[in-house]
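The structure under discussion appears below in the form of structure tokens.
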Amino acid sequence: MARSVCAKSAFELWGQGSTHRELKSSLLNFPPEIMSPFLQKDSTYRINVYTFNKTLEFEDRIKRIDALEYLPFEGRVSLKSPDHVFCLLEDYGTDPNSIPEEPLYIYFGRWIADGQRELIRSHSVKNRHFIGNTSMDAGLSFIMANHAKVKQHDLVYDPFVGTGSLLVACSHFGAYVCGTDIDYNTVHGIGKASRKNQKWRGPDENIRANLRQYGTECCYLDVLVSDASKPVWRDGVRFDAVITDPPYGIRESTRRTGSQKDTTKPPEDFCGDSHVSVSMAYHLSDIFIDLLNFSARHLVMGGRLVYWLPIYRPEYCEEMVPLHPCLQLVSNCEQTLSSHTSRRLITMEKIKEPEERDALSKMADSRASPYHGHNAFREKYFSGLSKRGGKEEPKMDAANGL
């Protein structure tokens with residue numbers, strides 16, 4: 001629970017039932033040897049009442065607590081700093097338009113710990129110093145950091161760093177962070193702002209400033225302007241985790257340096273001060289194969305790769321998830337974006353170092369070769385909207401990283 005942003009709280013369940021009478025029967029049958037250490041005379045306690053999909057008046061909450069008089073509490077009530085906290089939880093379903101008079105199910109138990117959902121609020125991109133069109137939602141960033149098992153003193157790398165939302169989450173857990181991105185303006189924090197009523201970015205809007213905002217600047221190594229298809233790292237560099245959200249071609253283009261035209265050598269007196277690299281399309285299929293190959297070479301043994309894979313839902317099958325002989329698939333979770341699109345959170349773990357014979361095994365496994373169906377994701381995404389008259393909107397906002 002010290003890291004979880006998905007779970008709100010954890011409880012030791014003492015009793016449950018579809019009615020308060022069933023709850024009473026369940027609690028009276030609970031083993032007294034487990035219950036008694038928390039009901040002693042020299043202890044203090046508090047009972048909280050939580051309802052889901054319904055709000056109770058204060059008087060109704062008191063009635064719920066008074067109805068638990070059959071429990072053998074011997075300690076004193078302390079509302080401010082109790083030794084033990086007990087909770088009565090009433091579930092009224094999930095439909096806000098059809099809330100029943102009585103709860104569908106009732107639980108009672110001892111509170112153990114709260115999760116870290118406060119991090120979602122405190123690290124919200126709405127209050128962040130530096131954001132972009134595709135800044136990753138805070139909750140998803142922490143989920144990715146947890147999937148990668150990021151811990152203190154780890155070295156974490158994001159090859160499509162953008163505005164650094166994933167670096168912010170990883171630095172919260174004490175990891176040293178770095179990244180690259182092909183977008184010069186984003187890396188240097190210049191150009192047009194993404195905030196409403198702000199035309200240009202300020203002088204101190206950059207990734208380092210984001211980490212400074214949350215008190216983790218000491219974990220910031222650097223970010224570089226670099227092409228993910230042409231890694232700049234030497235062979236000996238090893239990362240504990242590679243965490244990234246590649247561009248899908250929706251709000252951010254998928255580009256890499258290069259040209260399909262015949263290249264010519266620059267003049268001999270060219271110094272490169274004002275050179276702007278020519279870019280070309282970087283297909284999604286190539287992005288994922290390059291990402292897996294890079295991770296296989298540069299992750300430590302047992303290190304993890306965590307990334308998002310965009311999917312056209314009517315065509316999805318597990319064979320669409322890229323594989324690599326050196327990386328083991330750990331988990332594959334879906335986040336629905338719309339009725340026809342979603343993205344899968346892919347987590348892989350390095351199980352062996354690359355060998356020459358891996359090239360042969362990759363040729364034998366079609367899932368280790370580029371799946372070109374990913375390249376049409378942009379067209380399928382917009383075709384799904386056009387078929388519905390352009391009225392359907394994705395279920396996530398710009399802060400969630402399309």
Within 45° of the ring axis of Y316 and under 6.0 Å from its six-membered ring centre, is that where the NZ or CZ of R344 lies?
->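 Verdict for Y316: a cation-pi partner in R344.
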Answer yes or no for K8 and Y50: cation-pi contact, defined as NZ/CZ to six-membered ring centre under 6.0 Å and angle to ring axis within 45°.
->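 Checked: cation-pi criterion met.
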Return the [atom1] to [atom2] distance between [X] and [Y], rounded to the nearest 0.5 Å.
X: R297; Y: D235; atom1: CZ; atom2: CG; result: 7.5 Å
X: E102; Y: H20; atom1: CD; atom2: NE2; result: 7.0 Å
X: L345; Y: M144; atom1: CG; atom2: CE; result: 5.5 Å
X: T216; Y: Y220; atom1: OG1; atom2: OH; result: 11.5 Å
X: F239; Y: S295; atom1: CZ; atom2: OG; result: 9.5 Å
X: S141; Y: H172; atom1: OG; atom2: NE2; result: 12.0 Å

Indicate yes or no for a side-chain donor-acceptor contact from [X] to the backbone of [Y] under 3.5 Å, with no hydrogens or angles considered.
X: S165; Y: M136; answer: yes
X: D286; Y: Y282; answer: no
X: K54; Y: P103; answer: no
X: E22; Y: S18; answer: yes

Pair [X], [Y]: side-chain N/O donor-acceptor within cut-off below 3.5 Å:
X: T51; Y: E90; answer: no
X: N206; Y: H188; answer: no
X: N133; Y: S194; answer: yes
X: S229; Y: D290; answer: no
X: E118; Y: S122; answer: no
X: S226; Y: T180; answer: no
X: R46; Y: N48; answer: yes
X: D95; Y: S98; answer: no
X: W200; Y: Q198; answer: no
X: D181; Y: Y184; answer: no

Starting from the C-alpha separation in whole Å, work towards a yes-or-no answer on side chain to side chain contact (heavy atoms under 4.5 Å, CB included) for L71 and L27.
-> CA-CA 8 Å; L71 290 175; L27 284 171; 4.1 Å; yes
Centroid-to-centroid, [X] to [Y], below 6.0 Å?
X: Y157; Y: W233; value: yes
X: F38; Y: Y45; value: no
X: H123; Y: Y214; value: yes
X: F52; Y: Y92; value: no

Listed pairs under 3.5 Å, donor-acceptor, residues 76-88 side chains, sequence neighbours left out:
{"residue": "S78", "atom": "OG", "partner": "S81", "partner atom": "N", "Å": "3.4"}
{"residue": "D83", "atom": "OD2", "partner": "T44", "partner atom": "N", "Å": "3.0"}
{"residue": "D83", "atom": "OD2", "partner": "T44", "partner atom": "OG1", "Å": "3.3"}

[X] vs [Y] side-chain heavy atoms within contact, under 4.5 Å:
X: F11; Y: R110; value: no
X: E334; Y: R313; value: yes
X: L167; Y: C170; value: no
X: C326; Y: K352; value: yes

Derivation and outcome, side chain to side chain contact (heavy atoms under 4.5 Å, CB included), residues L28 and S26 = CA-CA 6 Å; L28 293 178; S26 177; over 6 Å; no
With the threshold set at 4.0 Å, does a side-chain nitrogen-carboxylate oxygen contact exist between D66 and K63?
->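 A salt bridge is absent here (no side-chain N lies under 4.0 Å from a carboxylate O).
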Is the number of heavy atoms from other residues, nucleotides or ligands within 6.0 Å of CD (E33) greater than 12?
->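 Counting neighbours around CD of E33, more than 12 heavy atoms of other residues, nucleotides or ligands fall under 6.0 Å, so yes.
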Neighbour count >12 (heavy atoms, 6.0 Å) for atom NZ, K230 =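 More than 12 heavy atoms, drawn from other residues, nucleotides or ligands, come within 6.0 Å of this atom.
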Can you sort out the partners of D154 under salt bridge (charged side-chain N to carboxylate O under 4.0 Å, His left out), two or more places apart, ordered by chain and number?
->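 Salt bridge (charged side-chain N to carboxylate O under 4.0 Å, His left out) list for D154, sorted by chain: K151.
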Could you go through the side chain to side chain contact (heavy atoms under 4.5 Å, CB included) check for R201 and F130 one step at a time?
-> CA-CA 8 Å; R201 288 183 173 131; F130 174 50; 3.4 Å; yes
Nearest atoms (heavy-atom pairs only) where L284 meets P310 |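 Looking at all heavy atoms of both residues, the shortest contact is CD1-CG, 4.1 Å.
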For L23 and T19, run side chain to side chain contact (heavy atoms under 4.5 Å, CB included): C-alpha distance rounded to whole Å, both residues' side-chain angles, the deciding distance at 0.1 Å, then the answer.
-> CA-CA 6 Å; L23 174 66; T19 65; over 6 Å; no
Scan the side chains in residues 298-308 for donor-acceptor partners under 3.5 Å anywhere in the protein, sequence neighbours excluded, and list what turns up.
{"residue": "H298", "atom": "ND1", "partner": "V237", "partner atom": "O", "Å": "3.0"}
{"residue": "R304", "atom": "NE", "partner": "E349", "partner atom": "OE1", "Å": "3.0"}
{"residue": "R304", "atom": "NH1", "partner": "H147", "partner atom": "O", "Å": "2.8"}
{"residue": "R304", "atom": "NH2", "partner": "E349", "partner atom": "OE1", "Å": "3.2"}

Classify the angle between the aromatic ring planes of Y312 and H340 as parallel (below 30°), tilted (30 to 60°) or perpendicular (above 60°).
->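 Correct class here is perpendicular.
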Going through the distances and angles, do D204 and R212 end up as a salt bridge (charged side-chain N to carboxylate O under 4.0 Å, His left out)?
-> CA-CA 11 Å; D204 192 32; R212 186 185 307 124; 3.1 Å; yes
